[in-house]
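Each remark here refers to the structure printed beneath this line.
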2 protein chains.
Amino acid sequence: MDVTKLSQGCMLGLPCLPEDGGMYGKAPQVAGVRVQLEMHSLWQQFDQLGTEMIVTKAGRRMFPTFQVRISGMDPASEYVLLMDFIPVDDKRYRYAFHSSSWLVAGRGDTAAPGRVHFHPDSPARGAQWMKQTVSFDRLKLTNNLLDDNGHMILNSMHRYQPRLHVVLVDQRRDSQRYAHRNFCTFSFPETRFIAVTAYQNHRITQLKIASNPFAKGFRTTNPDEW
Amino acid sequence: MDVTKLSQGCMLGLPCLPEDGGMYGKAPQVAGVRVQLEMHSLWQQFDQLGTEMIVTKAGRRMFPTFQVRISGMDPASEYVLLMDFIPVDDKRYRYAFHSSSWLVAGRGDTAAPGRVHFHPDSPARGAQWMKQTVSFDRLKLTNNLLDDNGHMILNSMHRYQPRLHVVLVDQRRDSQRYAHRNFCTFSFPETRFIAVTAYQNHRITQLKIASNPFAKGFRTTNPDEW
DNA sequence: GATTTCCCACCTAGGTGGAAAGGT
DNA sequence: ACCTTTCCACCTAGGTGGGAAATC
């Protein structure tokens with residue numbers, strides 16, 4: 001399955017991914033949810049070069065930060081927002097400096113423990129989520145399989161696709177039976193990346209420095225263009 | 001009315017202030033709420049010297065920060081927590097440096113616009129409020145009557161008593177009619193202070209420096225004693 | 001003279017990539 | 001070789017009191 005094809009629909013507000021079972025059985029409170037990726041052009045710039053995200057033992061933020069604008073929720077209903085990261089494929093990669101490109105280096109390592117990151121404002125009402133940009137800036141990536149800080153565990157030199165799950169809080173007694181109706185998943189192909197312990201592509205490093213205020217150096221281009 | 005006498009009951013978990021109408025008509029979800037002031041001995045040290053809090057045009061944090069531990073809420077009910085500041089008296093004060101004491105300098109100025117500060121986690125369930133210390137560290141004090149940042153407006157050289165209000169979120173249609181039953185107010189006399197634009201009592205300055213990590217200088221005494 | 005405003009050096013707190021060292 | 005770890009100088013971001021200057 002080509003992950004690249006999956007998310008355009010969601011980004012534009014069309015039905016959820018096929019893996020969710022389609023929209024037809026969805027609860028009305030999630031069926032209409034629309035999610036728009038913020039900093040879209042910055043993500044695209046990175047994606048064109050091949051985004052790399054640093055993973056450290058202590059945990060490292062993502063840059064760009066995964067931020068979305070949400071609409072179409074029921075303002076009065078409660079939702080939980082969470083993220084996870086799925087392997088794009090079962091491959092291990094390595095970077096060929098001479099050709100400045102990523103090569104397949106073999107089969108993927110055994111998958112890291114699958115964790116999810118709840119947005120710290122969860123649960124909150126639709127009105128709350130929709131009134132301003134939702135930012136996952138507290139999320140951190142680690143390569144420590146024994147991590148005890150609740151960070152997202154990834155394998156270095158593997159490729160990942162971030163996903164956002166919007167889950168309706170269902171107070172009914174037998175809500176378990178309807179669980180599959182109560183959530184919707186969104187993924188944006190321009191946010192995929194390869195996890196690394198040190199940057200491989202120098203152009204990625206330079207774009208990080210140029211666009212992340214915390215990195216050394218000064219902006220040389222107009223941030224409005226991103 | 002002597003404000004000093006009012007709050008001991010609340011601090012120890014006894015009934016709310018008389019001004020609230022007593023506990024007898026209170027909803028069960030608020031009747032049992034208990035609030036304990038954190039950093040109690042630090043507050044006492046300041047109070048013994050005569051606490052001063054800086055007010056600035058841009059807004060200044062309180063130090064010590066108003067922090068409480070809460071118990072006795074209904075874990076499943078939703079509550080809003082908010083603070084306000086009431087004038088202790090209708091007086092204006094000035095500091096006599098030669099005698100190192102505060103003197104009454106006349107009648108109080110016209111009261112500043114009465115604002116409230118909602119704890120940013122509001123609304124949240126009782127379980128959430130009770131599971132860890134609730135800190136009002138985002139609250140800022142200003143002397144700008146035209147403040148547009150939602151800060152608490154106070155008159156400099158006037159004396160104030162911080163108050164905490166615990167409000168049950170009542171979803172019933174005619175909840176207005178029962179509003180007086182749905183909240184409880186707590187005030188701690190050791191948290192009163194005089195608002196100033198510059199510190200008057202040098203011993204207050206020294207204690208701020210010694211106990212606030214953001215102030216210059218190093219701790220010389222053991223923080224455990226506070 | 002008393003009080004307020006403004007700017008600043010100095011902190012805390014924590015997010016960066018780089019370089020050197022370590023590991024396999 | 002290739003990858004990871006550790007430490008660190010250098011940032012952002014913002015909370016302090018001090019002192020000069022302004023205000024009243």
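Naming: A, B, ... by sequence-line order, numbering from 1 per chain.
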(message) By the definition side-chain hydrogen bond (donor to acceptor under 3.5 Å, both in side chains), identify the one residue from B:Lys140, B:Lys57, B:Arg115 that meets it with B:Asp147.
(response) B:Arg115
(message) Both B:Thr205 and A:Ala198 contact DNA chain D. Taking the nearest nucleotide for each, which residue is further toward the 5' end?
(response) A:Ala198
(request) Specify the residue among A:Lys57 and A:Tyr93 whose closest nucleotide of DNA chain D lies further upstream toward the 5′ end. (result) A:Tyr93
When you measure from the side chain of [X], which nucleotide among [options] comes out closest?
| X | options | value |
| --- | --- | --- |
| A:Ile54 | D:dG17, C:dT16, C:dG17 | C:dG17 |
| A:Ala215 | C:dT16, D:dT4, C:dT3 | C:dT16 |
| B:Lys208 | C:dT5, D:dG17, C:dT16 | D:dG17 |
| B:Arg61 | C:dT16, D:dT16, D:dC3 | D:dT16 |
| A:Tyr199 | D:dC3, C:dG17, C:dT3 | C:dG17 |
| B:Gln200 | D:dG17, C:dT3, C:dG15 | C:dT3 |

(request) I would like to know whether B:Phe136 and B:His119 meet ring-ring contact (aromatic ring centres under 6.0 Å, His included); could you show each step before the answer? (result) CA-CA 7 Å; B:Phe136 284 86; B:His119 191 286; 5.0 Å; yes
Length of the [atom1]-[atom2] vector between [X] and [N], whole Å:
| X | N | atom1 | atom2 | answer |
| --- | --- | --- | --- | --- |
| A:Phe214 | D:dA13 | CZ | P | 6 Å |
| B:Leu103 | C:dT3 | CG | C1' | 16 Å |
| A:Ile194 | D:dC3 | CD1 | P | 11 Å |
| A:Arg92 | D:dC2 | CZ | P | 12 Å |
| A:Ile204 | C:dG17 | CD1 | C1' | 14 Å |
| A:Phe63 | C:dG15 | CZ | C1' | 11 Å |
| A:Leu141 | D:dT5 | CG | C1' | 17 Å |
| A:Glu52 | C:dG18 | CD | P | 11 Å |

(message) On DNA chain C, compare the nucleotides closest to B:Ala105 and A:Lys140; which residue's is nearer the 5' end?
(response) B:Ala105
(request) State, with a plain yes or no, whether a side-chain heavy atom of B:Val88 is found less than 4.5 Å away from one of B:Phe193. (result)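 Contact flag for B:Val88/B:Phe193 side chains = no.
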(request) Would you indicate whether the side-chain heavy atoms of A:Arg69 and A:Val35 approach each other to under 4.5 Å? (result) no
(message) Whether B:Asn143 contacts C:dT5 is assessed here as follows: a side-chain N or O lying under 4.0 Å from the phosphate OP1 or OP2. Is that the case?
(response) yes
(request) Check whether any side-chain N or O of A:Ser156 sits under 4.0 Å from OP1 or OP2 of D:dT4, and answer yes or no. (result)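 Yes, within the criterion.
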(message) Is the terminal nitrogen or CZ of A:Lys208 (NZ for Lys, CZ for Arg) located under 6.0 angstrom from the six-membered ring centre of A:Phe46 and within 45° of that ring's axis?
(response)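 Positive - A:Lys208 is close enough to the ring of A:Phe46 and near enough to its axis.
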(request) Using a heavy-atom cut-off of under 4.0 Å over every strand shown, decide if B:Arg60 touches base, sugar-phosphate, or nothing. (result)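 Base: the residue B:Arg60, judged by heavy atoms under 4.0 Å, touches a nucleobase.
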(request) Would you mind classifying the nucleic acid contact of A:Thr56 as base, sugar-phosphate or nothing, using non-hydrogen atoms under 4.0 angstrom? (result) nothing
(request) Heavy atoms only: give me the nearest A:Ile194-A:Arg159 pair and the separation to one decimal. (result)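 For A:Ile194 and A:Arg159, the tightest heavy-atom pair comes out as CG1-CG, 3.9 Å.
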